Amino acid sequence: MYAEDIVVLPPNGPTVEGRAASRAACEAGETTIQDFTLTSLDIDGYGDLAFDRGTFSQTYVSEGMAEAVTINGKYVLILRKQADGSWLWTVLVYNLDAPAPQPE
């Protein structure tokens, strides 16, 4: 899914560069994802680059939260075609529609 040189531009945080750093950032919190859905609204491209714009929904529980919460947001994703014909994420920009609930 992620290219080795992926760049992630998350909301309210620093740029994350590289597959290992991206994975570490995802695993850093005390969060358990229960559901995650991407909905593509528009895909276009040229040559070995594709652009995907859409929305996402994620339901999760975190340490200190009494129950699961769902957040919604939007994203822009750039994919690059690989030598084997697969497509990997190379740049991901996303943000939330509203601030995420915080643990008490």
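Basis for what follows: all heavy atoms, side chains included, without hydrogens, waters or symmetry-related copies. What you see is a predicted model; the values in this text were computed from it and never measured.
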When rounded to the nearest 0.5 angstrom, what is the spacing between [atom1] in [X] and [atom2] in [Y]?
X: Leu79; Y: Asp48; atom1: CG; atom2: CG; answer: 12.0 Å
X: Thr55; Y: Asn72; atom1: OG1; atom2: CG; answer: 7.5 Å
X: Leu38; Y: Gln58; atom1: CG; atom2: CD; answer: 10.0 Å
X: Glu17; Y: Ser22; atom1: CD; atom2: OG; answer: 11.0 Å

Connected via hydrophobic side-chain network under 4.5 Å: [X] and [Y]:
X: Phe36; Y: Leu92; answer: yes
X: Phe51; Y: Leu9; answer: yes
X: Val8; Y: Leu96; answer: yes

Checklist entry - Just wondering, more than 12 heavy atoms not from Tyr46 lying within 6.0 Å of its OH? => result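 At most 12 heavy atoms, drawn from other residues, nucleotides or ligands, come within 6.0 Å of this atom.
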Checklist entry - Above 12 or not: heavy atoms from other molecules or residues under 6.0 Å from CZ of Arg80? => result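 No, CZ of Arg80 has 12 or fewer neighbouring heavy atoms, counting only those of other groups under 6.0 Å.
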Side-chain contact, heavy-atom cut-off 4.5 Å: [X] with [Y]?
X: Tyr60; Y: Val69; value: yes
X: Leu77; Y: Tyr94; value: no
X: Asp97; Y: Phe56; value: no
X: Tyr75; Y: Asp52; value: yes
X: Leu49; Y: Ile78; value: yes

Quick one: closest heavy-atom pair of [X] and [Y], and the distance?
X: Glu67; Y: Val61; value: C-CG1, 4.0 Å
X: Arg19; Y: Ile6; value: N-CG2, 3.8 Å
X: Ser57; Y: Thr70; value: OG-CG2, 3.4 Å

Item to check | Non-neighbouring partners of Asp5 that pass salt bridge (charged side-chain N to carboxylate O under 4.0 Å, His left out), sequence neighbours left out | outcome: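 Checked Asp5 against salt bridge (charged side-chain N to carboxylate O under 4.0 Å, His left out); zero matches.
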